[in-house]
Amino acid sequence: KNEVEQSPQNLTAQEGEFITINCSYSVGISALHWLQQHPGGGIVSLFMLSSGKKKHGRLIATINIQEKHSSLHITASHPRDSAVYICAVPPGGSARQLTFGSGTQLTVLP
Amino acid sequence: DTGVSQNPRHKITKRGQNVTFRCDPISEHNRLYWYRQTLGQGPEFLTYFQNEAQLEKSRLLSDRFSAERPKGSFSTLEIQRTEQGDSAMYLCASSFGGDQPQHFGDGTRLSIL
């Protein structure tokens, strides 16, 4: 089973700050997912990456396969970025169902 | 793209009752997943289908839980004789193949009185 650790659990930032959320996993994987969950439950897939870096708007995701570590960065953070950010990986390298971290609650204050 | 649709959004029921949730995946997606999420935790895998075949079930899926995807399109998740511990958000996701991103519905929040 793949264990997923996220840090920090909670993060409060001022609008405009650069945000970093970290994710570590225990077993080699084919790809890692970053997801965003807003109050009310809906989950949006932000990134699926297997190497290097991906960028979408103000969001950047990086992964280091050798170190089994990924980071999600938000540049110029905004209150609308407030949400729970979840890292997820397939268990044991399988590309089937996902094992999720417990999430990072981000609050961006105006 | 109508996205993944789940119904109902909220369900409140008394302990011991049966409940059924429905998930309509994105139409061309052959994979459908059910997850459960309790407060403050990340989602946990319950089961998944490839087309109409249920390929894997988690140990979390006790005998009181059953899931179906009879025609390889929509899926239902039934919980019989509900218990307090079943209170959670039940999330459905779909994907086109196992290597593609999963698209999530808004979930069904179940509250057991």
Side-chain angles (χ1 to χ4, degrees), chain A residues 1-10 21-25 29-51 54 56 59 61 63 70 72 83-107, chain B residues 1 3-11 21 23 26 29-50 53-61 67 87-111:
Chain A
K1 184 187 173 195
N2 215 340
E3 303 292 337
V4 182
E5 297 282 340
Q6 275 188 246
S7 63
Q9 278 191 305
N10 293 283
I21 299 170
N22 296 299
C23 174
S24 297
Y25 52 93
I29 59 171
S30 55
L32 179 143
H33 302 249
W34 280 104
L35 308 163
Q36 180 192 55
Q37 186 171 31
H38 280 282
I43 291 180
V44 174
S45 179
L46 298 174
F47 296 103
M48 177 176 165
L49 69 165
S50 54
S51 64
K54 283 191 176 181
H56 184 250
L59 301 177
I63 188 167
S70 175
L72 177 69
V84 175
Y85 292 84
I86 305 173
C87 163
V89 299
S94 160
R96 302 196 303 271
Q97 73 276 13
L98 299 174
T99 297
F100 296 79
S102 56
T104 295
Q105 173 69 63
L106 172 66
T107 303
Chain B
D1 178 6
V4 178
S5 176
Q6 290 189 246
N7 288 287
R9 289 296 310 278
H10 304 276
K11 179 70 177 179
F21 311 139
C23 172
I26 293 173
H29 285 182
N30 57 356
R31 293 214 173 192
L32 186 148
Y33 307 80
W34 284 101
Y35 297 93
R36 182 174 71 184
Q37 185 178 27
T38 53
L39 202 61
Q41 301 297 316
E44 296 173 292
F45 168 73
L46 293 179
T47 188
Y48 90 98
F49 294 83
Q50 177 152 318
Q54 188 174 17
L55 296 187
E56 189 160 342
K57 294 194 291 187
S58 160
R59 289 176 310 209
L60 293 175
L61 216 65
S87 295
M89 174 76 83
Y90 290 84
L91 293 161
C92 175
S94 70
S95 69
F96 187 72
D99 293 331
Q100 297 302 311
Q102 295 181 22
H103 296 254
F104 286 81
D106 288 336
T108 294
R109 183 171 297 284
L110 174 64
S111 298

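Letters A, B, ... are given to chains in the order of the sequence lines, protein chains preceding strands, and every chain is numbered from 1. This is a predicted model, so every value here is computed, not measured.
Note on Gly103(A), Ser50(A), Gly42(A): by heavy-atom pairs under 4.5 Å with chain B, the leading option is Gly42(A). Across Pro101(B), Gly105(B), Gly107(B), the residue that shares the most heavy-atom pairs under 4.5 angstrom with chain A is Pro101(B).
Between Ile86(A) and Gln37(B), some side-chain heavy-atom pair lies under the 4.5 Å cut-off. Side-chain contact check for Leu35(A) versus Pro43(B): every heavy-atom pair is 4.5 Å or farther apart.
Considering NE2 of His103(B) and OG of Ser45(A), their distance stands at 6.5 Å, rounded to 0.5 Å.
For Gln6(B), no part lies near chain A; criterion is any non-hydrogen pair under 4.5 Å. Contact of Leu91(B) with chain A is made through the side chain alone, with heavy-atom distances under 4.5 Å. Proximity to chain B is limited to the side chain of Gln37(A), based on heavy atoms less than 4.5 angstrom apart.
For Ser58(B), the side chain to side chain contact (heavy atoms under 4.5 Å, CB included) test picks out Phe45(B), Leu60(B), with sequence neighbours left out.
A side chain to side chain contact (heavy atoms under 4.5 Å, CB included) with Leu98(A) holds for exactly one of Tyr33(B), Tyr35(B), Tyr48(B); it is Tyr35(B).
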